[in-house]
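Before any comments, here is the structure.
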Amino acid sequence: MTNIDTDESSAGNNNQRPNHLYLIDGSAYIFRAYHRLPPLTNIHGEPVGAVYGYTSMLWKLADDLHAADGPTHMAVVLDKSSKSFRNDIYDQYKANRPPAPEDLRPQFPMIRDATNAFSLPLIEEENVEADDMIASYTKAAIAAGWRVTIVSSDKDLMQLIEPVEDSRVDMLDTMKNARIGDAGVRAKFDVGPDKVGDVLALMGDSADNVPGVPGVGPKTASKLINEFGDLESVLAAAPEMKKSKMRENLIEHSDKARLSKILVTLKDDCPLPIALEDMPLRDIPPEPLAEFLTYHGFNSLLKRIGQLSDVSAANKAIAGTRGADHDKVKIDAAGAIMAGQAAKPPEMPPINIDDYVMVTDAEDLQKWVDRARAIGHFAFDTETDSLEAVTANLIGFSMAITAGEACYVPLAHGGTDLLAQRPEMVEMKTALDIIRPLLADDSVLKIGQNLKYDKLVLAQHDIIINNIDDTMVMSFNLDAGKHGHGMDELAKRHLGHECISYKSLTGTGKKQISFAEVPVEDATKYAAEDADVTLRLWQHLKLRLPAEGASKIYQMVDRPLVDVIAKMEGEGILVDREKLAKLSHDFAGEMARLEQEIYAIAGEEFTLGSPKQLGEILFGKMGLKGGKKGKSGQFSTDVTVLEDLASNGVEIAQKILDWRQLAKLKSTYTDALQAQINPKTGRVHTSYSLVGAQTGRLSSTDPNLQNIPIRTEIGRQIRHAFVADKGNVILAADYSQIELRLAAHIANIAPLKEAFEAGEDIHARTAQELFGEVTRESRGRAKTINFAILYGISRWGLAKRLEVTPDEAQAMIDIYFARFPGISAYIQETTTRVKECEYTETLFGRKTHFPRINSSNGAERQGSERAAINAPIQGTCADIIKRAMARMVPALQHAGLGDVKMLLQVHDELVFECPQDKIDAASKVINDVMANAALPYLTLSIPLGVDIGTGASWGEAH
DNA sequence: CGTTTCACG
DNA sequence: GACGTACGTGAAACGT
């Protein structure tokens with residue numbers, strides 16, 4: 001891990017610091033990459049594992065470039081031929097090397113292409129080894145007063161490090177992400193860098209066929225050198241040593257040792273083919289690099305091209321604004337620059353809950369508001385009596401102006417109970433009138449943790465919050481997959497602070513009290529702390545956003561969505577209560593009938609909803625076959641098991657399946673939804689979480705409106721209960737096959753792209769490619785395989801789904817990969833990359849972290865691998881529909897369709913409530929916005945198809 | 001509070 | 001040799 005100061009002392013005086021030359025030992029890297037990476041092939045079928053590894057390594061360095069003491073000059077050094085002066089003095093030198101593997105040889109010229117693609121100078125001289133060239137350049141650079149970093153892990157090169165604590169030469173091992181200086185050499189060889197040659201001469205090097213002295217290995221060699229000083233002294237002292245095999249060997253093989261010394265000593269006076277000054281590091285021109293990446297289909301790198309400059313700009317911004325604070329910016333395994341959790345947060349006074357102020361009169365409040373306006377930003381938080389924003393009552397609010405400077409404004413403590421003692425408070429209306437203009441002011445930034453909630457609560461009081469930053473969303477854009485994004489967790493992680501728990505104030509369970517009943521003194525500590533912590537978190541996270549390349553997704557996609565989602569939740573959707581009640585009643589009747597039949601067959605009554613009891617009845621008492629026990633030792637009774645029984649004519653199984661379906665529909669939907677109708681609005685208001693799904697999708701709770709039934713006719717009836725208000729229709733617009741389209745684009749699957757371009761039935765096309773014919777059967781299988789591919793396939797998983805043997809499933813996978821070579825390249829490239837940097841990215845740069853991708857637990861690791869294959873596709877889909885949503889509101893407004901309301905999002909579908917006379921106009925706008933949502937940032941190689949339907953209910957609109 | 005099942009994309 | 005085999009979610013019910 002490399003720590004680089006970005007404070008003023010180093011970043012602020014770039015002009016004065018010495019030139020810094022990075023010398024990349026390209027040849028050594030190729031071999032390591034070749035052996036370390038799986039045998040990847042590019043889209044042309046050429047082996048490119050080593051090329052990919054090499055390209056990734058250069059990429060990492062490109063990030064390093066922008067560090068404060070990063071390179072000013074850079075060059076790649078390659079071996080041109082296998083011969084050098086060493087072969088003239090010792091014909092056995094490197095003679096034991098096997099020839100390069102067949103699939104590595106064609107990669108050597110590609111390494112040159114890669115180097116050229118990065119517009120880096122390439123040094124390769126006939127009859128000169130790369131090591132000697134590196135030694136010569138190092139010597140010249142040091143003589144000129146420069147610093148040198150050798151990008152290699154070759155131990156021979158360690159001789160070039162200066163034997164002092166602050167060596168001007170160091171080595172960088174990009175695979176281990178380690179920097180090696182004088183101390184690193186001593187740790188490895190137990191001698192200083194200047195004695196490494198002597199140690200190597202004694203121990204020899206089997207890889208290069210350097211003989212050394214028989215019987216002397218690294219331990220003995222360093223011991224001898226430390227005792228006698230250098231090789232010649234060791235050899236001279238040998239006759240005086242006490243009699244041993246080692247003494248004999250030292251005497252007998254002294255010539256070999258001297259020869260070895262010559263062989264390992266680097267030649268540092270080679271003529272320099274390019275002058276030092278002629279390899280300055282410039283911005284990397286994107287075109288040649290893009291061309292190279294495109295040719296090989298290195299798509300994940302390709303789409304990150306923009307970041308090379310992004311990172312540069314972001315880092316400069318940090319160096320410029322940070323000034324006095326001493327944060328470290330470090331380079332992680334991926335080379336992404338992170339000011340991570342390990343970094344100390346910006347310096348702030350400690351959190352002291354006794355410093356917080358309670359504001360109880362209007363003049364005081366006005367002073368806080370004026371101060372917030374003067375500073376231009378503040379943290380804000382509302383306190384209410386409910387988690388449900390649409391119905392929650394406002395109890396008070398808190399503000400934090402600077403770290404530690406926070407207040408709470410109680411508004412409705414003591415409740416409405418006339419007997420209760422009401423504490424002194426600013427009158428609600430007065431207080432709201434004072435903060436309303438501030439919250440609406442576009443020039444003052446409002447910082448909050450999940451501000452969507454506060455927006456909804458305050459919307460009840462005609463307060464609009466403009467210009468926001470949301471720490472929860474910021475955290476999600478930085479750390480999705482690493483940890484949760486709740487405030488308490490973030491405070492602990494980033495500030496080392498344990499927040500006062502809500503429960504400690506209100507209690508839990510039966511005894512729980514409303515926040516309005518919490519004493520104002522306690523409420524002040526709690527609420528002001530929330531605002532204070534939010535402000536501190538913001539100061540921490542806002543620095544990380546640009547440094548870690550997360551600004552784009554935050555600013556372009558997720559931040560604008562907070563307003564949009566709040567608006568949708570506030571609208572809610574109209575639900576036909578009578579329809580649901582009737583369904584509940586019908587389901588209950590049918591369930592009762594089935595229940596009796598089931599008990600009759602089973603011969604006893606039992607709890608039908610208990611999988612445990614059911615399993616015992618079926619496989620124990622009735623002795624049916626096909627019982628599988630899971631790890632809990634319980635019989636499984638899930639659909640696959642019951643369907644299996646049913647298809648074998650087991651009557652009870654089908655009845656249980658039917659009962660189960662009804663029980664599910666009734667409890668989860670028809671009963672529950674009625675209870676979710678908001679009494680104030682008469683509509684159902686779901687709550688969307690912007691941070692709920694690691695891939696960037698939304699999730700929906702209370703109630704979940706993203707899993708309303710559709711697949712079965714009986715379940716589908718529930719959709720008919722979601723209706724439009726008078727004079728309106730429900731308009732449902734969904735992306736057609738968007739995940740497959742994006743997979744075709746991202747993995748560059750030519751036949752699928754053609755099919756989408758031509759508007760073909762994609763599963764039929766897949767069936768044609770795979771099985772040579774399109775039948776109902778083959779199309780169904782093709783559909784299953786298509787989805788399996790998106791999810792990271794395994795032969796066993798596919799076998800289970802298709803009810804074939806794993807071997808047959810594997811055969812289908814093989815054919816699929818052969819017909820669509822892009823997909824296997826994508827899978828290989830994605831898994832390789834995620835193993836290196838532990839995150840994936842969408843086309844819009846959204847990161848999802850996979851901290852368990854290198855787990856030693858196989859199941860855990862493979863699970864992460866499959867998720868990582870899926871994440872860029874699912875995540876890009878989420879990005880696209882989110883962009884469509886953010887643009888939809890102004891687009892409708894602009895078209896004079898402000899009364900068309902966006903109500904729901906279901907991953908690839910948007911549901912609107914639309915005045916009957918505006919269906920055509922709205923359809924056009926909605927289609928336009930959705931189909932073009934990727935533009936202009938991203939031009940896809942496939943069209944995005946949108947299907948739109950309308951009807952009196954959601955069910956009819958499909 | 002964990003497990004099982006099942007609703008959706 | 002076992003693990004457990006499709007990705008992402010949330011809700012309800014059971015049973016400890």
Side-chain angles (χ1 to χ4, degrees), chain A residues 480-481 606-615 628 630-642 656-657 659-673 675-676 686-689 691-712 714-716 718-719 734-740 743 784-802 806 809 813 827 840 848 850 855-875 877-878 881 904-909:
Chain A
F606 60 99
T607 310
L608 196 38
S610 165
K612 191 179 170 185
Q613 291 185 35
L614 178 62
K628 296 178 295 185
K631 61 183 168 194
S632 59
Q634 199 179 305
F635 287 112
S636 171
T637 64
D638 66 18
V639 258
T640 57
V641 174
L642 293 178
I656 294 166
L657 282 168
W659 182 89
R660 277 241 180 105
Q661 185 187 17
L662 294 170
K664 178 82 177 180
L665 295 176
K666 181 168 184 291
S667 68
T668 311
Y669 302 105
T670 57
D671 287 353
L673 274 172
Q676 291 279 0
T686 183
S687 174
Y688 288 104
S689 171
V691 302
Q694 319 284 6
T695 53
R697 275 190 177 178
L698 302 179
S699 69
S700 158
T701 57
D702 309 304
N704 181 356
L705 295 186
Q706 291 183 321
N707 71 345
I708 302 302
I710 191 169
R711 290 174 187 171
T712 65
I714 187 160
R716 204 178 251 252
I718 293 164
R719 290 210 172 205
D734 64 277
Y735 281 115
S736 155
Q737 308 283 9
I738 188 169
E739 289 206 356
L740 266 179
T784 301
I785 297 171
N786 271 332
F787 282 106
I789 294 295
L790 298 183
Y791 299 149
I793 198 166
S794 80
R795 69 173 80 169
W796 298 279
L798 185 62
K800 202 169 143 188
R801 301 269 161 159
L802 290 180
I813 295 168
I827 290 171
T840 60
T848 302
F850 293 90
S855 165
S856 53
N857 176 330
E860 210 171 52
R861 189 178 61 248
Q862 285 164 9
S864 290
E865 282 173 20
R866 290 192 297 270
I869 289 165
N870 178 248
I873 298 166
Q874 189 182 114
C877 172
I881 196 165
L904 303 178
Q905 189 253 42
V906 194
H907 310 309
D908 63 359
E909 173 185 12

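Here the structure is a predicted model, which is why all the values come from computation and not from measurement.
Regarding Q613(A), its CD atom lies at a distance of 16 Å from the P atom of dA13(C), rounded to whole Å. Between the CG atom of N707(A) and the P atom of dT5(B) there is a distance of 18 Å, rounded to whole Å. We find that CG of N870(A) is positioned 11 Å from C1' of dG9(B), with the value rounded to whole Å. With rounding to whole Å, E739(A) atom CD is found 13 Å from dT9(C) atom P. Computed from coordinates, the D638(A) CG to dG4(C) P distance equals 15 Å when rounded to whole Å. Taking atom CZ on F606(A) and atom P on dG15(C), their separation rounds to 11 Å, with Å as the unit. With rounding to whole Å, L673(A) atom CG is found 13 Å from dC8(B) atom C1'. The interatomic distance linking R716(A) (CZ) with dG9(B) (P) rounds to 10 Å, in whole Å.
Residue contacts for A672(A): at a heavy-atom cut-off of 4.0 Å it reaches the sugar-phosphate backbone alone, with no base atom in range. Across all strands shown, R660(A) has heavy atoms under 4.0 Å from sugar-phosphate atoms exclusively, and none from any base. Within 4.0 Å of I710(A), counting heavy atoms only, lie sugar-phosphate atoms of the nucleic acid but no base atom. Contacts of K612(A) with the nucleic acid, taken as non-hydrogen atoms under 4.0 Å apart, involve only primed sugar atoms and P, OP1 or OP2. Here E909(A) lies out of heavy-atom contact (under 4.0 Å) with every strand. As judged by a 4.0 angstrom heavy-atom cut-off over every strand, S689(A) is placed among residues making no nucleic acid contact. Across all strands, I708(A) comes closer than 4.0 Å only to sugar-phosphate atoms, never to a base (heavy-atom distances). Within the nucleic acid shown, R866(A) comes within 4.0 Å of sugar-phosphate atoms alone, with no base atom in reach, counting heavy atoms only. If you check every strand for non-hydrogen atoms under 4.0 Å, D702(A) touches sugar and phosphate atoms only. The residue N704(A) sits close only to the backbone: its heavy atoms come under 4.0 Å of sugar-phosphate atoms, none of a base.
At dG4(C), none of the side-chain N or O atoms of S794(A) fall inside 4.0 Å of OP1 or OP2 (strictly under the cut-off). Between Q694(A) and the phosphate of dC7(C), there is no side-chain N or O to OP1/OP2 separation shorter than 4.0 Å. At the phosphate of dG10(C), OP1 or OP2 sits under 4.0 Å from a side-chain N or O atom of S699(A). S667(A) has no side-chain polar atom (N or O) that falls below the 4.0 Å cut-off from OP1 or OP2 of dA11(C). The shortest distance between the side-chain N/O atoms of R711(A) and the OP1/OP2 oxygens of dC8(B) is below 4.0 Å.
In DNA chain C, stems built from 3 or more consecutive Watson-Crick or G-U wobble pairs, each with both distances under 3.5 Å, span B:1-9 with C:7-15.
Residues A868(A) and F850(A) approach most closely at CA-CZ, 3.6 Å, considering heavy atoms. Shortest non-hydrogen contact noted between L698(A) and H907(A) is O-CE1, 3.5 Å. Heavy-atom minimum distance, L614(A) versus R660(A): CD2-NH2, 3.5 Å. Scanning all heavy atoms of the two residues, the minimum distance from L798(A) to I813(A) falls at CD2-CG1, 3.8 Å. Residue Y688(A) comes nearest to L904(A) through the heavy atom pair OH-CA, 3.3 Å, listed as atom of the first residue, atom of the second, then distance. Summarising the geometry of V641(A) relative to S636(A), their closest heavy-atom pair is CG1-O, 3.6 Å, with the distance given to 0.1 Å.
Residue-to-nucleotide proximity on DNA chain C shows that, of P703(A) and R697(A), the 5′-proximal contact is made by R697(A).
Side-chain N or O atoms of D702(A) include none that pairs as donor or acceptor with a backbone N or O of T686(A) at under 3.5 Å. The closest donor-acceptor contact from the side chain of Q706(A) to the backbone of Q905(A) lies under 3.5 Å. A donor-acceptor pair under 3.5 Å is absent between the side-chain atoms of R801(A) and the main chain of T784(A), judged by distance alone. Distance alone, capped at 3.5 Å, is enough to place a donor-acceptor pair between the S794(A) side chain and the G797(A) backbone.
Remark: Q862(A) in residues 858-865 of chain A come within less than 4.0 Å of DNA chain C through at least one heavy atom.
Ranking dC6(B), dA11(C), dC7(C) by closeness to the V639(A) side chain, first place goes to dC6(B). Candidate nucleotides dC8(B), dT5(B), dG9(B) were compared by shortest atom distance to the side chain of P709(A), and dC8(B) ranks first. Listed nucleotides: dT5(C), dG9(B), dA7(B). Nearest to the side chain of Y669(A): dA7(B).
As rounded to the nearest Å, dT5(C) and dC6(B) have P atoms that lie 15 Å from one another. Here the separation of dT5(B) from dA2(C), taken at their P atoms, is 24 Å to the nearest Å.
E739(A) and R697(A) are joined by a salt bridge, as a carboxylate oxygen and a charged side-chain nitrogen come within less than 4.0 angstrom of each other.
Take E909(A) and apply the salt bridge (Lys or Arg N to Asp or Glu O under 4.0 Å) test, not counting sequence neighbours, and it matches no residue.
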